[in-house]
Amino acid sequence: MQKQNVVVVGGGLSGLFAVNKLAKNKNLNITLIEGSPSCGGLLNCFQSESGVYYDQGTHFASKTGVDSIDDILFDETDFENNWYQFSYLNSGNFAFNKWTFDTQVVDIRNLPDCEYHKALGQLISAETITTSDTFSEYAKSHLGEYLYHELFKPTVYKLYGDDVDLLSIQPRVGYFGLNRVVALDDITTESLKKIPKYDEKLAYSSSKYYSEKITTQECYLYPKDKKGIQFWIDKMHERAVKNGVNILTSTEIKKLDVSKKKVTSIITSDGKIYSSDLVIWTVPPSILLKLSNIECSFSYKPLLRTANLFHYSFDKPLFNCKNHYVWNWDKNYRSFRLTFYNNFTGCTAHDSRVTVEVLSSPEESQRISSEEILKELRDMEIIGEEHHLTDESKQVIHSTFPVPDKKLQKLSNEIRGKVEAELENVIIAGRHSGSVWLQSDVIKAINHEIEARIF
Ligand SMILES: Cc1cc2nc3c(=O)[nH]c(=O)nc-3n(C[C@H](O)[C@H](O)[C@H](O)COP(=O)(O)OP(=O)(O)OC[C@H]3O[C@@H](n4cnc5c(N)ncnc54)[C@H](O)[C@@H]3O)c2cc1C
């Protein structure tokens, strides 16, 4: 039987998962084309000029709970030596100028008495408008006016920028747990959560308490290797090559040949031709249409957010010696998420590393200085006067995610529709597909697509 040719474009997490899954089928010739010098995409590590490694976005690998997927993502041999394992991630948050160490959900009991009572009253009496399709209407009706103005609206500005029309944003911040707040003690919360209306808006004060209540046993992992999360990528790359996948890096695609609504071959800039029975496309689909010479006239250009990553090492342990990472929901700070490496590697030595993520527009990015972020670290009491920097870098990643407004949804649907109508042997997958972003969603979606077409 003649082998089928599958070409996977993009060697990020999606592409590497895809080729490792496909390699289980011995009737396939598999080629992966990656434009950069190495695979990994957003999961590559960042090395500072003085040689210190940091992650550049996602820090933890997580098991999905689906054995057939996890077997592809992780090589179980030497697991203990290679990975730190956690049954839950110890996340905290900073809001209303106060720390909450036990949960990423904002604790409104940190508000001054008068404001707390006002916020609690509005929260309990607010009736969520579930049919609402505007962000502000949903948020106000869900948590009340006070929390909308003091927490939700500033957070949406922090995530998506103050230049967007708030009224057009869907209530997506639920992703970050902001549709719920801690407002009461856990016993009262437990009783109230039996009523669906309150279950939707109240959270327990401790993520440990919450984890004990849920039945799924999640497993989070961090590599023991000095390169951090890139170790995961390197291992997947190695396994793919061992299983016969042809991986091309630093390779630019020049053109796609299309015949009878099928991509029949992919031509790279060095003139090589790769025949394709199936293409798995994990890079922006607009490039696919352009390289296939398919005419399209999409007028809307999405606003893309830039991630500014401030990587620091200090000569002493940081004052927050508990959380793996924290969200900063305080409206007076630019920082958005902070990751404390030593709190999950268990290392108490002098090189205390932290990565601070700040989101911005591309133009605003240049105006965010390291001095400003170091001041925030001092104001949050993560470092004090006695801490000295031993390493420092600012890393800028443009085009991380688009502002999720209605026009964007329409554009993604139009591009997908066009690809489906014009190219029958192409699977659009990964974060660029516009429908998934988080690593486990990205992996489950591509797994589903491959099962439907091949297995
Ligand atoms: C700052 C930040 C924080 C994040 N935090 C989290 C988190 O906490 N939890 C979580 O689950 N997820 C998080 N994510 C998202 C996570 O990183 C993504 O889900 C995941 O990396 C998506 O992988 P992908 O392969 O779809 O895309 P990518 O990682 O973007 O990979 C695409 C690959 O395609 C290559 N490529 C691009 N164009 C071409 C071309 N024309 N030809 C060939 N190759 C090309 C790129 O070089 C890249 O290697 C975060 C992302 C960022 C940026």
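Whatever order the structure lists ligands and atoms in, that order sets their numbers, starting from 1.
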> What residue pairs, at least two apart or across chains, pass side chain to side chain donor-acceptor pair (under 3.5 Å) with a residue in residues 235-247?
Replying inline: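 Found none.
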Starting from [atom], what is the nearest protein heavy atom, named by residue and atom, and what distance separates them?
{"atom": "atom 35 (C) of ligand 1", "value": "Glu34 OE1, 3.3 Å"}
{"atom": "atom 44 (N) of ligand 1", "value": "Gly35 N, 3.0 Å"}
{"atom": "atom 19 (O) of ligand 1", "value": "Trp437 O, 2.3 Å"}
{"atom": "atom 10 (C) of ligand 1", "value": "Leu438 CD2, 3.4 Å"}
{"atom": "atom 29 (O) of ligand 1", "value": "Leu42 N, 2.9 Å"}
{"atom": "atom 22 (C) of ligand 1", "value": "Arg431 CD, 3.9 Å"}

Less than 3.5 Å between some nitrogen or oxygen of [X] and one of ligand 1, yes or no?
{"X": "Ile253", "value": "no"}
{"X": "Val442", "value": "no"}
{"X": "Thr58", "value": "yes"}
{"X": "Leu13", "value": "yes"}
{"X": "Gln439", "value": "yes"}

Using 4.0 Å as the upper bound for N to carboxylate O, is an ion pair formed by [Y] and [X]?
{"X": "Lys375", "Y": "Glu371", "result": "no"}
{"X": "Glu150", "Y": "Lys331", "result": "yes"}
{"X": "Glu424", "Y": "Lys260", "result": "no"}
{"X": "Glu372", "Y": "Arg334", "result": "yes"}
{"X": "Arg431", "Y": "Asp441", "result": "no"}

Interfacing atoms of ligand 1 (cut-off 4.0 Å, heavy-atom, [X]):
{"X": "Gly41", "result": "29 (O), 31 (O), 48 (C), 49 (O)"}
{"X": "Leu43", "result": "17 (O), 20 (C), 21 (O)"}
{"X": "Ser36", "result": "47 (O)"}
{"X": "Ile33", "result": "43 (C), 44 (N)"}
{"X": "Glu357", "result": "1 (C), 3 (C)"}
{"X": "Gly12", "result": "25 (O), 31 (O), 33 (C), 49 (O)"}
{"X": "Gly430", "result": "26 (O)"}
{"X": "Val283", "result": "34 (O), 35 (C), 36 (N), 37 (C), 38 (N), 39 (C), 44 (N), 45 (C)"}

> Residues two or more places apart in sequence or in another chain: which of them pass salt bridge (charged side-chain N to carboxylate O under 4.0 Å, His left out) with Lys224?
Replying inline: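 Result, salt bridge (charged side-chain N to carboxylate O under 4.0 Å, His left out) vs Lys224: none returned.
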Non-hydrogen atom of [X] closer than 4.0 Å to ligand 1:
{"X": "Arg337", "answer": "yes"}
{"X": "Thr400", "answer": "yes"}
{"X": "His432", "answer": "yes"}
{"X": "Ile397", "answer": "no"}

[Y] ring center within less than 6.0 Å of [X] ring center:
{"X": "Tyr325", "Y": "His59", "value": "no"}
{"X": "Trp329", "Y": "Phe96", "value": "no"}
{"X": "Phe319", "Y": "His387", "value": "yes"}
{"X": "Phe401", "Y": "Trp437", "value": "yes"}

> So which bit of Phe60 gets within less than 4.0 Å of ligand 1, heavy atoms only: side chain, backbone, both or neither?
Replying inline: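 Answer for Phe60: neither.
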> Would Asn110 and Asp107 count as having a side-chain donor-acceptor pair, cut-off 3.5 Å?
Replying inline: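 There is no such pair between these side chains.
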>> Do Cys45 and Ile229 have side chains that approach each other closer than 4.5 Å (heavy atoms only, starting at C-beta)?
In response: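 Heavy-atom side-chain distance check fails, nothing below 4.5 Å.
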> Distance under 6.0 Å and angle within 45° of the ring axis: does Lys63 meet both against Phe79?
Replying inline: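 Judged by the rule (NZ or CZ under 6.0 Å from the ring centre, within 45° of its axis), Lys63 counts as positioned above Phe79.
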> Can the positive tip of Lys158 be found less than 6.0 Å from the middle of the six-membered ring of Tyr333, inside 45° of the ring normal?
Replying inline: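 So Lys158 doesn't make the cation-pi contact.
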> Where the closest heavy atom to atom 1 (C) of ligand 1 is concerned, which of Gly57, Ser14, Cys39 has it?
Replying inline: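 Among Gly57, Ser14, Cys39, the closest heavy atom to atom 1 (C) of ligand 1 belongs to Gly57.
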